[in-house]
Amino acid sequence: MLILNKTAGVFFKPSRRKIYEFLGSFHFHPGKLFLHKLVLGIETSCDDTAAAVVDETGNVLGEAIHSQTEVHLKTGGIIPPVAQQLHRENIQRIVQEALSASEVSPSELSAIATTIKPGLALSLGVGLSFSLQLVDQFKKPFIPIHHMEAHALTIRLTNKVEFPFLVLLISGGHCLLALVRGVSDFLLLGKSLDIAPGDMLDKVARRLSLIKHPECSTMSGGKAIEHLAKQGNRLHFDFQPPMQRAKNCDFSFSGLQHVIDKMIMQKEKEEGIEQGQILSSAADIAAAVQHTVACHIAKRTHRAILFCKQRGLLQPSSAVLVVSGGVASNLYIRKALEIVTNATQCTLLCPPARLCTDNGIMIAWNGVERLRAGLGILHNTEGIRYEPKCPLGVDISKEVGEAAIKVPRLKMKI
């Protein structure tokens, strides 16, 4: 029996007829021989329906993705039941496209890997249900995937990176610093105490009504802030980075967002405009917000590097910082992190932009990593459930705070 969280609502289960239609839609090459293990990855943790087939050497044989961004821009944010319905409508097609592009039949797969934690409950349920149908039909091993673990390990698909390395994961739903010691061996150094940076940037963009700006109407909030910031002067507004007295690696963005909201309200009064109209100073606010967020992220990351080196957790001569997640595609924030890695003799690595955001490739690759290591491969899926909230690794953030490492001041000339 499948046990699900009470928050899951209705658990999506495709009909047997639909599954047979799905299986009968493939046209494959019967004489083709695959020399390597093949993993199908399925991702539905938030608002992207994605699937990919990756082999054990890291070759991406096929992928497909359906983005819900356009729909959620119109509604002013992600509405879970809407996201769930869009996943339901698209998952069969997306998995079919990924398999067809790879010229792999489900029977030729070595395993099926699917995101089951963390994420939106209603979205996770769609991916898990569909995956379990395939697992049951083809008697394949199932590999449950932690979404953040997948982001962290993506760099090993594109670059030759050995363990251990430091990872900074920054997105619309997550913000954390962790030491990666192995495929499923993480030490959590710090995390956001409230909201994620991508979420904050999206909210600021909505408060500035950037969707009405002719240059930003089709962009996500974070992209709109980055685009408009290039035209602004950050020195016109002075926002202080959060948690300056806290000598740990945790993050906080909600207080900063509140200060920015008050500033926007004040500027609207000064300019005599109503909420919903675009301020003449919108570009300057965007530039100042982006700079403040970049400085906050950079300082916490700087402390994490120093902590790991002091404790011998990273090799001084070959330390690597990996930055992934949707916000990692922000080039301004990336430049701030380059200043930190240059000052600490670290190598900064980021996956390609398309692999920083949610995708099926990272899930399939995480499945490959686990398959090779023999970790978390299930041949019986009874009792498997999704977990909307789930920490990553062993939390040593208290130990980091007790070390109270003072971070040298760096000039953030970006």
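In this chain, numbering begins with 1 at the start of the sequence shown. All heavy atoms count here, side chains included; hydrogens, waters and symmetry mates do not.
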key: Heavy-atom pair of closest approach, residues G367 and I145   = N-CD1, 3.9 Å

Nearest heavy-atom neighbours spanning P118 and C390 = CB-N, 3.8 Å

query = When rounded to the nearest 0.5 angstrom, what distance separates CZ in F186 from CG in L177?
reply = 13.0 Å

key: M200 vs V293 side-chain heavy atoms within contact, under 4.5 Å   = yes

request  = Take I116 and I384 through the side-chain contact (heavy atoms from CB on, under 4.5 Å) test and state the conclusion after the steps.
outcome  = CA-CA 9 Å; I116 70 158; I384 189 74; 4.0 Å; yes

query = Does D202 come within less than 4.0 Å of R206, counting only side-chain N to carboxylate O?
reply = no

message = Any side-chain to backbone donor/acceptor pair from E56 onto K37? Under 3.5 Å, distance only.
response = yes

ask   = Do D48 and N359 have side chains that get closer than 4.5 Å, going by heavy atoms?
value = no

ask   = Which atom names give the shortest non-hydrogen contact between R370 and I377, and what distance separates them?
value = O-CD1, 3.7 Å

message = Any side-chain to backbone donor/acceptor pair from N248 onto G401? Under 3.5 Å, distance only.
response = no

query = Okay, side chain of R303, backbone of C249: is any donor-acceptor separation there less than 3.5 Å?
reply = no

request  = Just do the side chain to side chain donor-acceptor pair (under 3.5 Å) check on T292 and Q290 with the steps written out, would you?
outcome  = CA-CA 6 Å; T292 308; Q290 181 176 251; over 6 Å; no

query = Are any of the side-chain nitrogens in R207 or E268 under 4.0 Å away from the carboxylate oxygens of its partner?
reply = yes

query = Are Q84 and S123 close enough that a side-chain donor and a side-chain acceptor fall under 3.5 Å?
reply = no

message = Can you confirm whether the side chains of Q133 and S131 place a donor and an acceptor under 3.5 Å from each other?
response = no

note = Minimal heavy-atom distance between G222 and L201, with the atoms involved, is CA-CB, 4.1 Å

query = How far apart are the C-alpha atoms of L109 and V39, what are their side-chain angles, what is the distance that settles it, and do they pass the side-chain contact (heavy atoms from CB on, under 4.5 Å) test?
reply = CA-CA 6 Å; L109 295 168; V39 175; over 6 Å; no

remark   = Smallest heavy-atom separation, I333 atom then A294 atom, equals CG1-CB, 3.9 Å

query = Less than 4.5 Å apart, any side-chain heavy atom of I112 and any of I143?
reply = no

key: E226 side chain to L331 backbone, donor-acceptor under 3.5 Å   = yes

key: Main-chain N/O of D136 paired to K139 side chain as donor or acceptor, under 3.5 Å   = yes

query = Tell me, which pairs form a ring-ring contact (aromatic ring centres under 6.0 Å, His included) where one or both residues lie in residues 205-236, sequence neighbours left out?
reply = none

task = Check whether the side chains of N90 and T49 place a donor and an acceptor atom closer than 3.5 Å, and report yes or no.
result = no

request  = Walk me through it: do L348 and C346 pass the test side-chain contact (heavy atoms from CB on, under 4.5 Å)?
outcome  = CA-CA 6 Å; L348 175 65; C346 273; over 6 Å; no

request  = Evaluate the criterion side-chain contact (heavy atoms from CB on, under 4.5 Å) for residue pair E399 and F307; output intermediate values, then yes/no.
outcome  = CA-CA 10 Å; E399 187 181 331; F307 175 84; 4.0 Å; yes

key: Donor + acceptor pair across side chains of S105, E108 (<3.5 Å)   = yes

inquiry  = Can you confirm whether M412 is buried at CE, in the sense that more than 12 heavy atoms of other residues, nucleotides or ligands lie under 6.0 Å from that atom?
reply    = yes

Any donor-acceptor N/O pair, T158 side chain to I155 backbone, under 3.5 Å = yes

inquiry  = Is the shortest side-chain heavy-atom distance between D358 and S45 below 4.5 Å?
reply    = yes

key: Value rounded to 0.5 Å, distance of CD1 in I225 from CG in L208   = 5.5 Å

key: Heavy-atom side-chain proximity of L355 to H151 below 4.5 angstrom   = no

query = Have H147 and E43 got a donor and an acceptor in their side chains that come within less than 3.5 Å?
reply = yes

query = Under 4.0 Å between a Lys/Arg side-chain N and an Asp/Glu carboxylate O for E338 and K335?
reply = no

inquiry  = Test your reading of the model: is there a side-chain donor-acceptor pair from Q231 to the backbone of A283, 3.5 Å cut-off?
reply    = no

Interatomic distance, F142 atom CZ to L378 atom CG [nearest 0.5 angstrom] = 7.0 Å

inquiry  = Please check: side-chain N/O of S171 versus main-chain N/O of H174, any donor-acceptor pairing under 3.5 Å?
reply    = yes

query = Do I170 and V323 have side chains that get closer than 4.5 Å, going by heavy atoms?
reply = yes

message = Give me the atom names and distance for the closest heavy-atom approach of C356 to P351.
response = SG-O, 3.4 Å

inquiry  = Set out, in order, the CA-CA distance, both residues' side-chain angles and the distance that settles salt bridge (charged side-chain N to carboxylate O under 4.0 Å, His left out) for K247 and E402, then state yes or no.
reply    = CA-CA 8 Å; K247 291 185 175 66; E402 288 170 352; over 6 Å; no

ask   = Do T44 and I91 come within less than 4.5 Å of each other through their side chains, counting heavy atoms only?
value = yes

query = When you check the gap from the basic side-chain N to the acidic O, do E271 and K267 get nearer than 4.0 Å?
reply = no

query = Could you walk me through whether Q92 and Q96 pass the side chain to side chain donor-acceptor pair (under 3.5 Å) check?
reply = CA-CA 6 Å; Q92 180 171 311; Q96 181 177 322; 4.8 Å; no

ask   = What do you reckon, are the aromatic ring centroids of F253 and H296 less than 6.0 Å apart?
value = yes

request  = Verify whether one side chain among Q266 and E270 offers a donor that lies under 3.5 Å from an acceptor in the other.
outcome  = yes

ask   = CG/L349 to NZ/K160 distance, rounded to the nearest 0.5 angstrom?
value = 14.0 Å

request  = Using a 4.5 Å cut-off on heavy atoms from C-beta on, say whether the side chain of H66 contacts that of R93.
outcome  = yes

request  = Please answer whether the main-chain N or O of N233 pairs with a side-chain N or O of D284 as donor and acceptor at a distance below 3.5 Å.
outcome  = yes

message = Could you check whether E149 pairs with K117 (Lys NZ or Arg NE/NH1/NH2 to Asp/Glu carboxylate O, under 4.0 Å)?
response = no

request  = Calculate, to the nearest 0.5 Å, the distance between atoms CD1 and CG belonging to I305 and L313 respectively.
outcome  = 13.0 Å

remark   = Separation between CE (M148) and CG (L169), nearest 0.5 Å, reads 5.0 Å

inquiry  = Please check this pair: side chain of D194 against backbone of S254, looking for a donor-acceptor N/O pair closer than 3.5 Å.
reply    = yes

query = Below 4.0 angstrom, N of the basic side chain to O of the carboxylate: do E369 and R156 qualify?
reply = yes

